[in-house]
J.: 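The structure's right below; bear with me while I get my questions together.
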Amino acid sequence: DYSAKVMDHFSNPRNMGSIEDCDGVGEVGNAKCGDIMKIFLKVDGDMIVDVKFQTFGCGAAIASSSMATELIKGKTLKEAWELSNKAVAEALDGLPPIKMHCSMLAEEAIHEAINDYLQKKGLEPWD
Amino acid sequence: MTIENRTVYMDNSATTPVRKEVVEEMLPYLTDNFGNPSSIYELGKTSKHAVEKARKRVADAIGAEENEIYFTSGGTESDNWAVKGIAFANRSRGKHIITSSIEHHAVLHACAWLEGQGFEVTYLPVDRYGRVSPEDLKNSIRDDTILISIMLANNEIGTIQPVEELGKIARENRIYFHTDAVQAVGHIPVDVKKMNIDLLSLSGHKFEGPKGCGAFYIRRGTKIEALLHGGAQERKRRAGTENVPSIVGLGKAIELAVDEMEGTNKSLLEMRERLIENLLQITKTHLNGHPAERLANNVNVTFEYIEGESLLLLLNAKGIFASTGSACNSTSLEPSHVLTACGVPQEIVHGSLRLSLGRMNTQEDVDRVLEVLPEIVQKLRNMSPLTPQEYRAL
Amino acid sequence: MTIENRTVYMDNSATTPVRKEVVEEMLPYLTDNFGNPSSIYELGKTSKHAVEKARKRVADAIGAEENEIYFTSGGTESDNWAVKGIAFANRSRGKHIITSSIEHHAVLHACAWLEGQGFEVTYLPVDRYGRVSPEDLKNSIRDDTILISIMLANNEIGTIQPVEELGKIARENRIYFHTDAVQAVGHIPVDVKKMNIDLLSLSGHKFEGPKGCGAFYIRRGTKIEALLHGGAQERKRRAGTENVPSIVGLGKAIELAVDEMEGTNKSLLEMRERLIENLLQITKTHLNGHPAERLANNVNVTFEYIEGESLLLLLNAKGIFASTGSACNSTSLEPSHVLTACGVPQEIVHGSLRLSLGRMNTQEDVDRVLEVLPEIVQKLRNMSPLTPQEYRAL
Ligand SMILES: Cc1ncc(COP(=O)(O)O)c(C=O)c1O
Ligand SMILES: Cc1ncc(COP(=O)(O)O)c(C=O)c1O
Ligand code: FES
Ligand code: FES
């Protein structure tokens with residue numbers, strides 16, 4: 001069973017869409033497995049000033065995307081990097097065990113997007 | 001999320017409610033007529049007669065003799081019995097089994113287990129509509145083939161197999177022929193004699209009978225071992241105190257379903273065709289299964305760029321209950337083996353939706369689905385990174 | 001033959017009616033709440049929650065954890081699962097199984113089938129009261145013993161085994177211990193942890209729950225194969241669409257039976273003792289089973305010089321419903337293997353009668369039996385060529 005929070009973020013996803021002139025983009029997952037998540041970042045200094053997502057996946061994947069974008073909006077890149085999938089799941093009042101991997105996607109997509117930004121800036125990617 | 005008050009149940013291939021007339025016939029056997037059919041006193045005889053009446057009804061529904069019908073705990077047990085019972089009883093004759101790649105897991109996993117016991121299994125491919133080719137079957141027969149198990153109608157895509165022809169091939173080669181008719185009985189005419197069937201599985205809850213009760217047809221003279229050993233019930237072939245109320249219910253339900261089949265199917269067919277026609281209007285949507293050799297209650301489509309579980313959840317929010325072949329909605333994390341076997345590409349198989357109609361559905365239900373579904377598909381496509389720009393509406 | 005209007009049902013070990021409160025709790029799941037628990041929409045979730053609630057009730061009733069309980073189609077399936085599931089899963093460790101000679105056929109015939117698959121089975125003897133000796137068990141253990149299966153309470157003679165002690169021996173030798181508790185659960189306190197039980201079978205219809213529904217306890221960490229392969233239900237261990245209404249009923253029935261056990265047993269014990277005491281007044285009558293280590297509901301006596309089926313038929317004519325261990329009342333024509341194992345001589349074993357009491361029996365029922373039975377015994381003795389002159393009353 002999904003929590004009420006999951007269902008809320010799934011039905012009314014926050015920050016859904018794309019950013020035309022984004023500073024970093026990360027895409028993870030695989031359509032064959034039924035899940036792809038794409039995160040778009042707008043960065044000012046070391047601040048994430050805007051973030052949007054597009055997700056192909058289950059309820060948990062969509063809710064995780066929505067929650068994750070809320071959690072990193074207005075945060076520094078470092079803070080966003082630190083966001084774990086467990087934190088996303090917890091913010092959603094938990095995910096069913098077989099759906100935990102869907103929240104991993106959010107963590108990974110954010111990492112990809114931040115590194116994309118850093119690389120575009122000619123900086124070393126983090127790991 | 002708030003749920004609409006008016007609900008539309010379109011998952012009748014998953015299960016059905018027990019219909020009123022059936023519940024009524026079952027009730028006395030839960031309470032007053034609770035006797036054990038093996039007992040010789042009056043209360044036992046009443047139960048015994050009720051079970052035998054149900055057996056006759058099942059036999060009549062599929063063109064069998066009464067003493068060829070055995071009651072089980074459902075389709076899964078019947079399928080397991082067929083596959084394992086034939087395998088163990090005929091081991092000395094051979095160790096090869098032929099089935100198809102789109103069987104229900106009750107057949108497939110029983111076969112896989114037998115592979116671990118030294119049996120060999122050929123899984124026949126299907127064409128894009130989900131049909132097994134009689135030629136393929138012929139070519140896969142070996143000297144040591146002891147069983148051919150091909151389902152009559154598929155639970156996901158509704159495709160009906162040429163079972164009469166497949167059964168004929170089996171018979172000509174003196175190989176036992178089993179058919180999983182769980183989705184077929186009560187939905188299309190079934191005649192075990194005409195169709196050359198030696199063993200047949202059926203399950204009550206697919207035709208408005210009770211859950212946890214099925215039947216198994218064993219043609220007279222078939223060499224098969226028991227699956228459940230113990231007491232001498234069911235002419236010593238299936239042990240366990242008989243589930244009298246459910247057996248009574250199954251008997252009543254099968255009789256009603258077969259009697260009313262023509263009328264029911266006429267109305268289901270109209271709904272099915274309207275649904276298919278209109279859903280295919282949605283861009284990048286594909287029909288799964290055979291266009292004509294198909295159960296009257298089955299609609300199965302794939303929408304590109306979206307994932308099935310999300311679709312189900314949004315439908316649920318609108319009070320529409322359906323199912324999907326997406327891995328994201330299963331505990332196995334494998335997408336539908338049926339759609340995969342039909343060649344639906346892995347990239348789009350997750351966007352499949354099954355709407356399975358039942359006797360209680362109406363054209364208003366179809367209206368409601370057609371009103372709601374296109375919007376939901378669009379909403380999810382807008383959300384998906386896979387959707388090409390031209391299919392977005394933002 | 002005319003049947004009396006007032007009937008006395010004393011065959012509660014064969015089966016029981018579903019009690020009113022249980023039927024009421026089941027009914028909504030036959031009709032309105034008919035969803036498939038595997039479905040993600042509301043209707044499915046309602047069913048899922050109902051099944052999980054029942055699982056909790058079963059777990060609580062036997063001191064297990066919820067995720068150690070699996071629903072089955074009854075005692076027979078649970079017993080078959082235990083014996084075959086352990087055997088196949090632990091084949092590499094050994095091929096030896098120990099059971100007793102008075103087990104239910106569901107265990108015995110499953111064992112016999114395994115003997116045909118290359119396993120070896122030791123059938124422990126019992127003493128005249130039907131008890132297995134812990135010493136015998138110890139002595140029969142081999143290096144390759146993989147399973148010990150000893151029932152908690154016997155269905156014919158009501159004898160309760162020293163399961164805690166037997167389980168301890170099994171545990172000390174690192175051998176899986178299964179107990180068929182079909183006659184025990186709901187009748188005597190059961191605690192799988194305290195009793196060192198790894199696997200336990202139970203069946204709903206023995207404690208006023210529905211027929212065709214049982215449960216199986218598998219201690220966490222136990223290596224066991226599935227018996228029914230197929231869908232991913234029951235955490236992938238027992239396939240088949242869940243029998244939701246019956247599972248709900250089983251849960252309610254087990255809770256009521258355990259809650260009320262003390263009071264029920266007090267009244268059963270009074271009836272049992274009055275019956276035994278008075279029946280033993282009939283000359284040449286013997287008590288079967290243990291005088292003290294015995295289910296509160298079980299009376300089993302042997303009358304010399306008479307045959308059980310005739311006795312049942314005459315009792316039936318008086319509206320009294322009971323059972324016998326005589327071969328003439330079974331399809332096998334073998335006299336009770338339980339009484340035979342207890343050493344009841346073949347000459348008299350046919351004259352056995354089981355009266356099994358239930359919550360609905362009253363002292364008036366006992367009065368009625370005590371009024372009618374001596375006459376019937378006398379009538380049959382008068383008819384029998386075996387009866388010595390001094391026991392005739394012609
Ligand atoms: C084709 C087919 N076979 C077998 C089964 C298993 O039947 P049951 O759920 O009654 O065990 C089902 C349904 O679940 C089915 O659709
Ligand atoms: C001791 C015992 N084990 C197993 C069974 C089998 O249970 P079921 O009839 O529910 O399959 C019974 C009753 O029939 C029994 O008394
Ligand atoms: S996206 Fe497939 S399980 Fe979540
Ligand atoms: S005397 Fe007739 S069966 Fe035993």
Side-chain angles (χ1 to χ4, degrees), chain B residues 3 7 9 11 14-18 20 23 30-32 34-36 38-44 73-77 79-80 104-106 109-110 112-113 203 205 210-213 228-232 236 239-246 309 312-313 315-316 321-323 329-332, chain C residues 3 7 9 11 14-18 20 23 30-32 34-36 38-44 73-77 79-80 104-106 109-110 112-113 203 205 210-213 228-232 236 239-246 309 312-313 315-316 321-323 329-332:
Chain B
I3 310 293
T7 60
Y9 183 73
D11 203 15
T15 195
T16 58
V18 184
K20 205 167 136 287
V23 175
L30 284 170
T31 52
D32 295 347
F34 67 88
N36 190 318
S38 304
S39 309
I40 62 168
Y41 42 75
E42 297 308 309
L43 207 51
S73 66
T76 297
E77 184 188 328
D79 282 347
N80 273 262
H104 191 269
H105 281 139
H109 291 175
W113 184 78
S203 184
H205 71 106
K211 293 178 176 57
C213 188
L228 293 186
H229 295 90
K236 302 198 193 174
T241 304
E242 297 87 339
N243 187 349
V244 183
S246 298
E309 195 207 74
L312 292 195
L313 290 171
L315 283 170
N316 179 48
F321 303 155
S323 82
N329 182 39
S330 75
T331 38
S332 71
Chain C
I3 311 291
T7 60
Y9 182 74
D11 203 14
T15 195
T16 58
V18 184
K20 202 167 135 289
V23 175
L30 284 169
T31 51
D32 294 347
F34 66 88
N36 189 320
S38 306
S39 308
I40 62 168
Y41 42 75
E42 297 308 310
L43 208 52
S73 66
T76 297
E77 184 188 328
D79 282 347
N80 273 261
H104 190 269
H105 282 137
H109 291 175
W113 183 79
S203 183
H205 71 106
K211 291 178 177 57
C213 187
L228 293 186
H229 295 91
K236 303 196 191 175
T241 303
E242 297 87 341
N243 186 347
V244 183
S246 298
E309 196 205 71
L312 291 196
L313 290 173
L315 282 171
N316 180 48
F321 302 155
S323 83
N329 182 35
S330 74
T331 39
S332 73

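Below, chain A is the first sequence line, B the second, and so on; all start at residue 1. These numbers come from the heavy atoms of this one structure, side chains and all, not from hydrogens, waters or symmetry mates.
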J.: Can you tell which of C/Gly212, C/Ala106, C/Pro17 has the highest number of heavy-atom pairs within less than 4.5 Å of chain B?
T.: C/Pro17

J.: Please enumerate all residues that pass salt bridge (Lys or Arg N to Asp or Glu O under 4.0 Å) together with C/Lys236, with sequence neighbours excluded.
T.: none

J.: Chain C heavy atoms under 4.5 Å from B/Ala112: which part of the residue, side chain, backbone, both or neither?
T.: neither

J.: For residues B/Asp11 and C/Ser39, report the shortest heavy-atom separation together with the two atoms involved.
T.: OD2-OG, 3.7 Å

J.: Considering only heavy atoms, which portion of B/Val244 lies under 4.5 Å from any heavy atom of chain C: side chain, backbone, both, or neither?
T.: both

J.: Given a strict heavy-atom distance threshold of 4.5 Å, which part of B/Glu309 is in contact with chain C: side chain, backbone, both, or neither?
T.: both

J.: Determine the minimum heavy-atom distance between B/Ala14 and C/Asn36, stating which atoms define it.
T.: O-ND2, 3.4 Å

J.: Would you name the heavy atoms of B/Asn80 and C/His229 that are closest together and state the gap between them?
T.: ND2-O, 2.7 Å

J.: Suppose we screen for side chain to side chain donor-acceptor pair (under 3.5 Å). Which residues come up paired with C/Tyr9, at least two apart in sequence or across chains?
T.: none

J.: Quick check: closest heavy atoms across B/Leu313 and C/Ile40, and the distance to 0.1 Å?
T.: CD2-CD1, 3.8 Å

J.: Identify the two heavy atoms, one from C/Thr16 and one from B/Phe34, that lie closest to each other, and give their separation to 0.1 Å.
T.: C-CD1, 3.5 Å

J.: In Å, rounded to the nearest 0.5 Å, how long is the span from OG1 of B/Thr7 to OH of C/Tyr41?
T.: 11.0 Å

